[in-house]
Amino acid sequence: MTESSMAEFRLPPRPLRADGTPRRVGVEIEFMGPSAKVAAAALAAGLGGRLAEEDPHAFRLEGTALGDVRVELDLRAAHPQRRAPAQGSGQGPGQGSGQGAGPGLPVRAAGRTLAAFLGPVVPREVITGPLAFDRLPEIDRLAALLHGAGGRGRGAVLLGSLGLHFNVEPPDLDAATLTGLLRAYLRREPDLRRATAAGGFLAARGLPPPFPAAYVAQVLDAGYRPDLDALARDYLAANPTRHRGLDLLPLLAHRDEAGVRAALPPDEKVSPRPVLHYRMPQAHVGLAGWSLAPAWNLWVGVEELAEEGRPQAASPQAASPQGASPDPA
């Protein structure tokens, strides 16, 4: 692994959105070791900001050097207050804090009991808001703070992967752009799996399942040029799950949430947002000096491959610096 102080984060060939503003990326890092509360306190000490408790296993850092950051146990049952209130309760999501708002006491108590029981084996997760690409080196500092607080993990645990997820804004939401990126990912997926699984048996076992072979053949066919409706329909028919190395469900749900949810199992988790949810990489918080750069640069390689097959734009995007150092503060 590359030392974070020496890491270079490459930029994709199209660093700007169609409106000329910089593209952004949100990052999710899973780890073992300290509780969400201890990890959040360590990040607050290093990044500043105000620490707010949502529940005993979920914390929000507001106004840090990296914006708002969430730290929580990666277990939905541990956060029952996030469930939509029962129909007819008169409460909207997040409304009310007194008796009758959200799940009842028995449900909340059961969630806390389950979280306490499974806490030793369920990953914790740090989630950042969207950041400009040139701020990615600062996430290495966040990872170092987690390591200093006792964060552990080398890619995977017995129950699965320790994810390093990138929520990448695409250059635009045109069908041709999205199909090109998906096609490039599918061409690279075998290499990406080998590179990620280099950590050993557990790392390989924790990878998301590959895309079905028939779907890969469909998308890689030279004549496959779907519009957005066809792209969504084909993707959902073959992949009614978020468990793919490149998860398009958030992006498709951003466009048509009702249609996406209707195609998924009732318990499938999806958060609508206009991003490519790149879920292949794995986090190594337990390794001193670990950097996100190698995993990020593999994604940049996907975008470079997509660009090779794209007709040249009428006006090239403005160049941006190839990497940046963390802010001194």
Side-chain angles (χ1 to χ4, degrees), residues 1-7 9 25-62 64-75 78-79 115-129 131 135-167 196-200 202-203 205-207 278-296 326-327:
M1 295 289 174
T2 306
E3 289 293 325
S4 61
S5 60
M6 300 295 292
F9 288 80
V25 57
V27 180
E28 306 169 34
I29 302 175
E30 295 181 356
F31 62 97
M32 303 299 292
S35 67
K37 183 175 184 177
V38 170
L43 294 183
L47 300 175
R50 184 176 69 86
L51 184 60
E53 178 178 330
E54 178 184 341
D55 66 50
H57 304 283
F59 297 82
R60 185 179 182 87
L61 296 169
E62 300 172 338
T64 79
L66 289 170
D68 292 349
V69 177
R70 287 160 41 206
V71 186
E72 59 192 48
L73 190 67
D74 189 21
L75 181 69
H79 319 293
F117 179 71
L118 294 178
V121 295
V122 173
R124 301 85 169 95
E125 185 175 28
V126 171
I127 306 163
T128 78
L131 298 167
R135 298 197 68 189
L136 277 168
E138 298 177 61
I139 307 296
D140 279 355
R141 179 185 175 196
L142 183 153
L145 290 170
L146 291 176
H147 179 80
R152 296 184 285 105
R154 295 287 300 273
V157 291
L158 287 175
L159 296 181
S161 178
L162 289 175
L164 167 64
H165 299 173
F166 294 104
N167 296 301
T196 305
L202 281 182
R205 183 173 173 269
L207 293 177
Y278 179 45
R279 303 180 69 251
M280 179 69 73
Q282 295 176 336
H284 294 256
V285 170
L287 181 64
W290 172 64
S291 173
L292 286 66
W296 169 254
D327 291 342

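From a predicted model like this one, the values you see are computed outputs, not experimental measurements.
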- Using the side chain to side chain contact (heavy atoms under 4.5 Å, CB included) rule, take Leu202 and Val157 through it: C-alpha gap first, then chi angles, then the decisive distance, then the call. CA-CA 7 Å; Leu202 281 182; Val157 291; 6.0 Å; no

- Within the side chain of Glu72, is there an N or O that forms a donor-acceptor pair under 3.5 Å with the backbone of Ala58? no

- Which pair of heavy atoms, one from Leu145 and one from Gly46, lies closest together, and at what distance? CD1-CA, 3.9 Å

- Separation between OG1 (Thr128) and CG (Asn167), nearest 0.5 Å, reads 8.0 Å

- Query: Is the backbone of Leu158 close enough, under 3.5 Å, to the side chain of Arg205 for a donor and an acceptor to pair up by distance?
  - Reply: yes

- Task: Could you tell me which non-hydrogen atom of Ser161 sits nearest to which non-hydrogen atom of Gly206, and how far apart they are?
- Result: CB-O, 3.1 Å

- Query: How many angstroms lie between NE2 in His57 and NZ in Lys37, if you round to the nearest 0.5 Å?
  - Reply: 11.0 Å

- Query: Which heavy atom in Leu51 sits nearest to a heavy atom in Ala40, and how many Å separate them?
  - Reply: CD1-CB, 3.6 Å

- Can you find a heavy atom in the side chain of Asp68 that is under 4.5 Å from one in the side chain of Glu62? yes

- Message: With a 4.5 Å cut-off on side-chain heavy atoms, are His165 and Pro281 touching?
- Response: no

- Do Val27 and Leu131 touch side chain to side chain, with heavy atoms closer than 4.5 Å? no

- Contact check, side chains of Glu138 and Leu47, non-hydrogen atoms, under 4.5 Å: no

- Task: Under the side chain to side chain contact (heavy atoms under 4.5 Å, CB included) rule, what do Val285 and Ile29 come out as? Steps first, then yes or no, please.
- Result: CA-CA 8 Å; Val285 170; Ile29 302 175; 3.6 Å; yes

- Message: Using side-chain heavy atoms (C-beta onward) and a distance below 4.5 Å, is Phe9 in contact with Asp140?
- Response: yes

- Indicate the atoms forming the closest heavy-atom contact of Met32 with Pro34, along with that distance. O-CD, 3.4 Å

- Heavy-atom pair with the smallest gap, counting every atom of Val71 and Ala36: CG1-O, 3.6 Å

- Query: Is the backbone N or O of Val122 less than 3.5 Å from a side-chain atom of Asp74, with the two atoms forming a donor-acceptor pair by type?
  - Reply: no

- Assign the ring pair Tyr278 / Phe166 to parallel, tilted or perpendicular, where the plane angle (0 to 90°) is split at 30° and 60°. parallel

- Which atom names give the shortest non-hydrogen contact between Ala39 and Leu146, and what distance separates them? CB-CD2, 4.0 Å

- Message: Does Ile127 form a side chain to side chain contact (heavy atoms under 4.5 Å, CB included) with Glu28? I'd like the steps, not just the answer.
- Response: CA-CA 5 Å; Ile127 306 163; Glu28 306 169 34; 4.1 Å; yes

- Message: Quick check for you: to the nearest 0.5 Å, what is the distance between Leu162 atom CG and Arg154 atom CZ?
- Response: 11.0 Å

- Task: Check whether any side-chain heavy atom of Arg124 lies under 4.5 Å from a side-chain heavy atom of Leu73, and answer yes or no.
- Result: yes

- Item | Full working for side chain to side chain contact (heavy atoms under 4.5 Å, CB included) between Phe59 and Leu43 | CA-CA 11 Å; Phe59 297 82; Leu43 294 183; over 6 Å; no

- Message: If I take atom CG from residue Leu136 and atom CG from residue Leu292, how far apart are they, to the nearest 0.5 angstrom?
- Response: 7.5 Å

